[in-house]
K.L.:
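Below is the structure I would like to discuss, written out as structure tokens.
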2 protein chains.
Amino acid sequence: MDKRHDMIVGAMSTFEAQGFRGTGVDAVLAPSGASTRTLYKHFGSRDGLVQAVLEQRHRDFMEQLGTARSDPVGELFSALERWLATHGSYGCMLLRARSEYAGANEAIVALVRRQKDDFNRKIACRIRAAIGRDDPELATQVWLLFEGATAAASVADLSVVGIARRAALALVKAAKVHAP
Amino acid sequence: MDKRHDMIVGAMSTFEAQGFRGTGVDAVLAPSGASTRTLYKHFGSRDGLVQAVLEQRHRDFMEQLGTARSDPVGELFSALERWLATHGSYGCMLLRARSEYAGANEAIVALVRRQKDDFNRKIACRIRAAIGRDDPELATQVWLLFEGATAAASVADLSVVGIARRAALALVKAAKVHAP
DNA sequence: TGAAATGTAAAACGATCGCTTTACATGACT
DNA sequence: AGTCATGTAAAGCGATCGTTTTACATTTCA
């Protein structure tokens with residue numbers, strides 16, 4: 001049962017650096033040292049492993065965000081900066097998978113959509129903690145800054161995350177002043 | 001010389017819908033009806049065609065943005081909405097190519113970085129037109145909203161573009177009030 | 001007219017793909 | 001002790017990959 005996790009972790013780092021469709025199973029299994037036989041025993045297919053990797057990825061990411069505390073929105077971006085510093089900036093793995101498997105594996109496309117909905121619920125929660133009420137448009141704006149910073153960091157330096165953070169906090173502050 | 005352009009246009013729509021690495025040359029050439037022989041005569045390799053597609057894409061996109069007029073920043077997002085409505089929402093093709101060819105074709109990675117720098121210069125120009133001075137941080141924030149909306153539209157509906165636009169205009173307005 | 005340029009159609013190249021199979025090693029648990 | 005689960009190693013499956021090649025049709029223009 002431990003090997004399964006090793007394969008997921010190893011495959012995740014390979015997919016991260018090389019993309020999904022352009023990488024063969026041998027390269028995907030190399031980091032964990034697993035044989036192809038074990039791959040098909042555990043996951044049924046290459047795409048099955050990809051799905052497992054994406055599910056693990058989303059769990060890791062959501063966990064790592066922590067819970068809202070003194071600065072619910074700002075800490076969202078602190079978490080992103082920490083994540084990118086340790087994992088590297090390659091763009092959002094979930095969206096990358098979605099775009100590579102569009103028209104080839106609808107289960108993966110649907111999975112990513114659900115994961116992004118999940119993430120949006122978390123952001124809405126942080127907004128409520130920050131301004132004391134729901135504000136769907138503000139939540140979406142913070143989401144866009146978050147996704148924008150994630151994408152931009154792959155072609156610019158990590159300072160874009162702090163810049164996104166200040167934009168988000170400015171929008172939150174403006175929403176806090178004005179009545180609903 | 002016309003066939004070359006047909007191949008680029010046809011390949012672009014195939015890459016857009018199916019991604020880059022997961023699509024064979026036959027599928028890429030199908031829309032233009034060109035033979036593989038013509039492909040290698042014009043572009044030397046499959047990757048050569050990919051590069052030509054990306055260059056054409058960037059040109060099309062930058063042209064379509066038009067020139068700053070009454071609302072330099074807001075019109076950036078109007079243009080994005082128009083673009084996504086006609087081309088479909090699959091995420092930024094340039095960033096998608098970058099992430100698929102990372103570790104496999106450094107020329108493509110470098111090309112996309114240059115294209116994004118180019119786009120950032122255009123945004124900085126719009127910011128100057130809007131507030132009468134340079135503001136690099138504000139320009140980056142508008143860029144992040146733009147990239148965020150482009151990415152988000154692939155998993156949410158097109159209304160995210162209007163929401164990004166309002167965030168951008170709010171940030172610009174705040175920058176216009178306060179002194180540098 | 002006739003050679004050069006530009007195109008399609010189709011077969012075939014070796015390499016690699018995702019996947020299956022056979023054979024064998026290791027521990028764990030009743 | 002012996003079975004069962006879990007693993008590696010390695011050969012091989014047919015299919016498909018990017019690319020090259022051969023053969024032939026068409027336009028262009030000196």
Side-chain angles (χ1 to χ4, degrees), chain A residues 1-56 96-109 111, chain B residues 1-54 56 96-97 99-109 111:
Chain A
M1 191 55 65
D2 202 35
K3 196 71 187 178
R4 188 189 149 94
H5 189 254
D6 288 351
M7 296 172 75
I8 291 176
V9 171
M12 196 183 297
S13 76
T14 302
F15 286 139
E16 179 88 274
Q18 327 238 40
F20 293 86
R21 305 293 295 273
T23 313
V25 291
D26 290 352
V28 166
L29 296 180
S32 59
S35 64
T36 62
R37 177 132 212 255
T38 308
L39 163 63
Y40 291 99
K41 184 154 290 204
H42 276 301
F43 302 100
S45 69
R46 185 186 183 283
D47 284 13
L49 172 59
V50 170
Q51 255 184 267
V53 165
L54 297 179
E55 281 160 7
Q56 184 66 48
R96 289 172 67 194
R98 198 215 84 95
S99 84
E100 291 203 45
Y101 285 100
N105 188 325
E106 295 308 314
I108 290 177
V109 172
L111 171 63
Chain B
M1 189 54 66
D2 201 34
K3 196 72 186 177
R4 189 188 148 94
H5 189 254
D6 289 351
M7 297 172 74
I8 291 176
V9 171
M12 194 183 298
S13 74
T14 302
F15 286 139
E16 178 88 274
Q18 327 239 40
F20 292 87
R21 305 293 294 273
T23 312
V25 291
D26 290 352
V28 167
L29 296 180
S32 59
S35 64
T36 62
R37 178 132 209 250
T38 309
L39 163 63
Y40 291 97
K41 184 154 289 203
H42 276 301
F43 303 100
S45 69
R46 185 186 182 284
D47 283 13
L49 172 59
V50 170
Q51 256 184 265
V53 165
L54 296 179
Q56 184 66 47
R96 290 173 66 193
S99 82
E100 291 203 45
Y101 286 99
N105 188 324
E106 295 308 314
I108 290 178
V109 172
L111 171 63

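Scope of the values below: all heavy atoms of this structure, side chains included, with no hydrogens, waters or symmetry mates. This is a predicted model, so every value here is computed, not measured.
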K.L.:
Could you check whether any side-chain N or O of A:Lys3 sits under 3.5 Å from a backbone N or O of A:His42, counting only pairs where one atom can act as donor and the other as acceptor?
P.N.:
no
K.L.:
Just the rounded figure in Å: distance from C1' of D:dG18 to OH of B:Tyr101.
P.N.:
11 Å
K.L.:
Is the phosphate of D:dA5, meaning OP1 or OP2, less than 4.0 Å from a side-chain N or O of A:Lys41?
P.N.:
no
K.L.:
Distance check needed: D:dT19 P versus B:Leu49 CG, whole Å only.
P.N.:
10 Å
K.L.:
Test your reading of the model: is there a side-chain donor-acceptor pair from A:Glu100 to the backbone of B:Gly19, 3.5 Å cut-off?
P.N.:
no
K.L.:
Just how far, in rounded Å, is C1' of C:dT16 from CZ of B:Arg21?
P.N.:
13 Å
K.L.:
Of all the heavy-atom pairs spanning B:Phe15 and B:Arg96, show the shortest one and how long it is.
P.N.:
O-NH2, 3.7 Å
K.L.:
Send over the distance from A:Lys3 NZ to C:dG27 P, rounded to a whole Å.
P.N.:
14 Å
K.L.:
With the criterion being N/O to N/O and under 3.5 Å, what pairs connect the protein with nucleotides 12-16 of chain D, and how long is each?
P.N.:
none

K.L.:
So, OP1 or OP2 of C:dG7: does either fall under 4.0 Å of a side-chain N or O from B:His42?
P.N.:
yes
K.L.:
Would you mind building the protein contact string for nucleotides 19-24 of chain C? One character per nucleotide, 5' to 3', B for base within reach (heavy atoms under 4.0 Å), S for sugar-phosphate only, - for untouched.
P.N.:
BBBBB-
K.L.:
Between B:Ser13 and B:Gly10, which heavy-atom pair has the shortest distance, and what is it?
P.N.:
OG-O, 3.1 Å
K.L.:
Taking the side chain as everything from C-beta on, heavy atoms only, tell me whether B:Ser35 gets closer than 4.5 Å to B:Leu29.
P.N.:
no
K.L.:
Check B:Leu39 against B:Ser45 and note the closest heavy-atom contact, atom names and distance.
P.N.:
CD1-O, 4.2 Å
K.L.:
Give the rounded distance in Å between these two atoms: CG of B:Leu29 and C1' of C:dA10.
P.N.:
14 Å
K.L.:
Starting from P on C:dT6, measure out to CZ on B:Phe43 and report it in whole angstrom.
P.N.:
14 Å
K.L.:
Contact class for B:Thr23 vs. all strands (heavy atom < 4.0 Å): base, sugar-phosphate, or nothing?
P.N.:
sugar-phosphate
K.L.:
Who passes side-chain hydrogen bond (donor to acceptor under 3.5 Å, both in side chains) against A:Arg46, sequence neighbours left out?
P.N.:
A:Tyr101
K.L.:
Looking only at heavy atoms, which two atoms of A:Val53 and A:Ala11 are closest? And how far apart?
P.N.:
CG2-CB, 3.9 Å
K.L.:
Looking at every heavy atom in both B:Arg21 and B:Ala104, which two are closest together, and how far apart are they?
P.N.:
NH1-CB, 3.5 Å
